2 protein chains.
Amino acid sequence: MNSVAPIVDVLQGKIAVGSTISVQGWVRTRRDSKAGISFLAVYDGSCFDPIQAVIEKDLPNYEQDILRLTAGCSVKVTGKVVESPGQGQKYELQATQVDVYGFVDDPETYPMAAKRHSIEYLREVAHLRARTNIVGAITRVRHTLAQAIHQFFDERGFFWLSTPIITASDTEGAGEMFRVSTLDMLNLPKTDNGKVDFDKDFFGKEAFLTVSGQLNAETYACALSKVYTFGPTFRAENSNTTRHLAEFWMMEPEVAFADLNDNAKLAEDMLKYVFKTVLEKRADDMQFFAQHIDKDAINRLESFINADFAQVDYTDAITILQNCEAKFENPVSWGIDLASEHERYLAEQHFKAPVVVKNYPKDIKAFYMRMNDDGKTVAAMDVLAPGIGEIIGGSQREERLDMLDKRMDELGLKKEDYWWYRDLRRYGTVPHSGFGLGFERLIVYVTGVQNVRDVIPFPRTPRNANF
Amino acid sequence: MNSVAPIVDVLQGKIAVGSTISVQGWVRTRRDSKAGISFLAVYDGSCFDPIQAVIEKDLPNYEQDILRLTAGCSVKVTGKVVESPGQGQKYELQATQVDVYGFVDDPETYPMAAKRHSIEYLREVAHLRARTNIVGAITRVRHTLAQAIHQFFDERGFFWLSTPIITASDTEGAGEMFRVSTLDMLNLPKTDNGKVDFDKDFFGKEAFLTVSGQLNAETYACALSKVYTFGPTFRAENSNTTRHLAEFWMMEPEVAFADLNDNAKLAEDMLKYVFKTVLEKRADDMQFFAQHIDKDAINRLESFINADFAQVDYTDAITILQNCEAKFENPVSWGIDLASEHERYLAEQHFKAPVVVKNYPKDIKAFYMRMNDDGKTVAAMDVLAPGIGEIIGGSQREERLDMLDKRMDELGLKKEDYWWYRDLRRYGTVPHSGFGLGFERLIVYVTGVQNVRDVIPFPRTPRNANF
């Protein structure tokens, strides 16, 4: 028996020329020469490129099998590794045997037939779209980014933390959340005053899908110093945009003894680390994105890695926007939340670099952010990237119990609901900071693919939980 | 300004003796000598041990601050790294300055006061329990196991895949699932025939939390060859046992062109790899488990790593159990699902090694498992580990459309619900296999901690979704 090799090993020259091996994968294309030689492009997902297998007509199953092969058929090709005489790849296979695992039912209607498909169409066949160049490349890049995130934090002494998916609290206050229940909806238990009796539900209270693991992560940062979450989060927003998913993955580091500057530095280091990693490890896929999806894909990351991050106070950013020549759809004044056009102006036109905007008005930020001495702003930060705008949002957390309580009172939040969060401030409180990064938005930034629905295997959006 | 170092760096001798540095963390204990010297044990979570800081009474805030320090207070200690004269650690800090970040409100009632707490009590203060030795050690071990899993698969050319959490399908058929909905329960929309009108719900149909990512993972394995999932899964079972959680993390590799033997080999390699990693990287924490929780904790993993896995057919395993001397509570006959006592007998008494049991009766296994030629068994496998029983379950998947359809008919599953799963068999089908590993059960096995509720930060169980 010959050994089976991933196609990437053959194409990268890890298999000695002259040795006989097998590869296994799916046919991308078949081309037959008049001289009775067939050329199969076989893909196994281990790298961007398929390998070329050269098949002569004297193979016993040439007529019966080879000439029936179409895009999507699965094969095992055994043959000798030879240097490729043609342009393009350096190595190819001179086949001595081809075994077919599975043909394609009715090649005419095969949804992944070898032609160009619109990215919208591919969503409707999400169970097959990983077979395309683009979704294969996205999957490998997604994997590499996730690994790079884990490695970055591991090397720096962070511990990965799984915060709960099902929760009875609401981190941001008044978020739009999915309810999780096992109650029989046609026979709902009711309380005396006519409400649903969630005491009868699985968890004995009303429960939801989490919108963020931050508050939970703070409890662990206030014990083990450096932690991060990486897991799914949810928004029940009825948003049909290219940037919203009902279910998406988020990464949230939380660091004790870190202030807002440490936080900004961590965000910068992390982004540069993962961009560097993806350029190194997925050069083939990034090349594809640059050639076919967004010609700026590689340049954008290289510029980012080499840029010195700018830093600007929110208040100064407002002045810059008010005094600039640009026309904005959304009027600018102190107190507004920056719109995407403002963010992109700052990063792309004014600073021409990634920018950390700091110290936002308290009224547009969450209750847990640390109050600055001015009494008007909080120690929040957003990282704005050229080409996309906000990519990371974070803050230093309010570690002073009296200040936290004051903010909760102002916002009408009940202290008893947050008893455990307040405990962190009662028992050995420490300054601490963290941020959140939406993983799909990161992949959109890296690949240039426009819609978050195309960078997660099975997207969940309003009226869509297919597959 | 002196640099701040993680305590692990000081204790491991990475900071030169004689240099002045700061550490930041929480006080574990304070001891005062009659000579007017205080000894603080300061912990920052970077490793199992706290560092000892030696504080002389001539520090300006000695009376005011140092003598008030109790367990849980947060401090920054600046001082000179010196060799420790005492037993135990090699290095300690000769403090020149101690800054207090936060005291503890009422040390008498501090839930984590320096005494032994029952593990059940700690669940009630899950927001603080990471400050204890045991939960700190579990968290570091959990992190290291997760990283090792990612590394193992990355090194072997697998791609990590996030399969959907919210799903409209039910992998196992008739599982107990949590419903996900945004419908107003007090004003439920109804159809003409009195059912809940899920067309009005967020996803336009009834939706649930996933019980497994397997079927989705198969679609990607049948495109990119080697993938794995690592994410949360859910069971709405009303089980109050030491082995059940409503929300737990699962790892599921799925491999194209792999048969049941390849699958068993992958499971063996993976388990040995992660056990080796945790023994190497978390020696301090494993030492703690062996000393205080389960004296066999380290031996068990070492034996596992050095063992040759046994393999046995289910049918032969039944014969072994029927012919052995042991008395079982659950009677043994061909066709039963093995109970924990049977599994442990096989691994601990008979084979004295991890065992892969293969080829189970079709009637106790899921529809997607590959039918064997005997027509009675399917290519399923369970890995049984000494000391716990089943730790991994998997199978070769049925890749033949006619056989799959036959099984679905037998079980009354509707083909239209699985159209996309069937497509994988219509278009270039390939033999493929995979397995599932419950992450919390793995941690229980590694640490010797008895209850899965103690190895996940915030456990979700019947009537409990606190924090």
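Keep in mind the model is a prediction, meaning the values are calculated, not measured. Numbers restart at 1 for each chain; the letters A, B, ... are given by sequence-line order, proteins then strands.
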Does the [X] side chain pair with the main chain of [Y], one donor and one acceptor, at a distance under 3.5 Å?
X	Y	result
A:W249	B:S162	no
B:R131	A:C222	yes
A:R460	B:I165	no
B:R425	A:G102	no

To the nearest 0.5 Å, how far apart are [atom1] in [X] and [atom2] in [Y]?
X	Y	atom1	atom2	value
A:H150	B:Q151	NE2	CD	10.5 Å
A:E237	B:F202	CD	CZ	8.5 Å
B:K190	A:L186	NZ	CG	6.0 Å
B:K205	A:R463	NZ	CZ	9.5 Å
B:L209	A:F178	CG	CZ	10.5 Å

Among A:G231, A:A207, A:S225, which has the most heavy-atom pairs under 4.5 Å with chain B?
-> A:S225

With respect to chain B, which residue among A:D199, A:V227, A:D201 yields the maximal number of heavy-atom pairs within a distance under 4.5 Å?
-> A:D199

Residues A:R422, B:D105: salt bridge by 4.0 Å N-O rule = no

A:K226 and B:D44 ion-paired at < 4.0 Å | no

Could you go step by step and tell me if B:W420 and A:L128 meet the side-chain contact (heavy atoms from CB on, under 4.5 Å) rule?
-> CA-CA 8 Å; B:W420 53 274; A:L128 299 173; over 6 Å; no

Check the pair A:W419, B:H127 against side-chain contact (heavy atoms from CB on, under 4.5 Å), reporting the backbone distance first and the verdict last.
-> CA-CA 10 Å; A:W419 67 274; B:H127 63 307; 3.4 Å; yes

When the aromatic ring centroids of B:Y427 and A:F103 are compared, is their separation below 6.0 Å?
-> no

Could you go through the side-chain contact (heavy atoms from CB on, under 4.5 Å) check for A:R426 and B:V104 one step at a time?
-> CA-CA 6 Å; A:R426 294 175 59 207; B:V104 162; over 6 Å; no

Side chain to side chain contact (heavy atoms under 4.5 Å, CB included) with B:Q12: which residues, sequence neighbours excluded?
-> B:V8, B:K14

Residue B:P164 versus chain A: region with a heavy atom under 4.5 Å | both

Which residue pairs pass the salt bridge (Lys or Arg N to Asp or Glu O under 4.0 Å) test when at least one of the two sits in residues 140-156 of chain B, sequence neighbours left out?
-> B:R140-B:D285, B:R142-B:E440

For the pair B:Y228 and A:H143, evaluate side-chain contact (heavy atoms from CB on, under 4.5 Å) and give the outcome as yes or no after the intermediate values.
-> CA-CA 10 Å; B:Y228 71 105; A:H143 165 78; 4.3 Å; yes

Kindly indicate whether the side chain of A:F203, heavy atoms from C-beta on, has any atom under 4.5 Å from the side chain of B:N466.
-> no

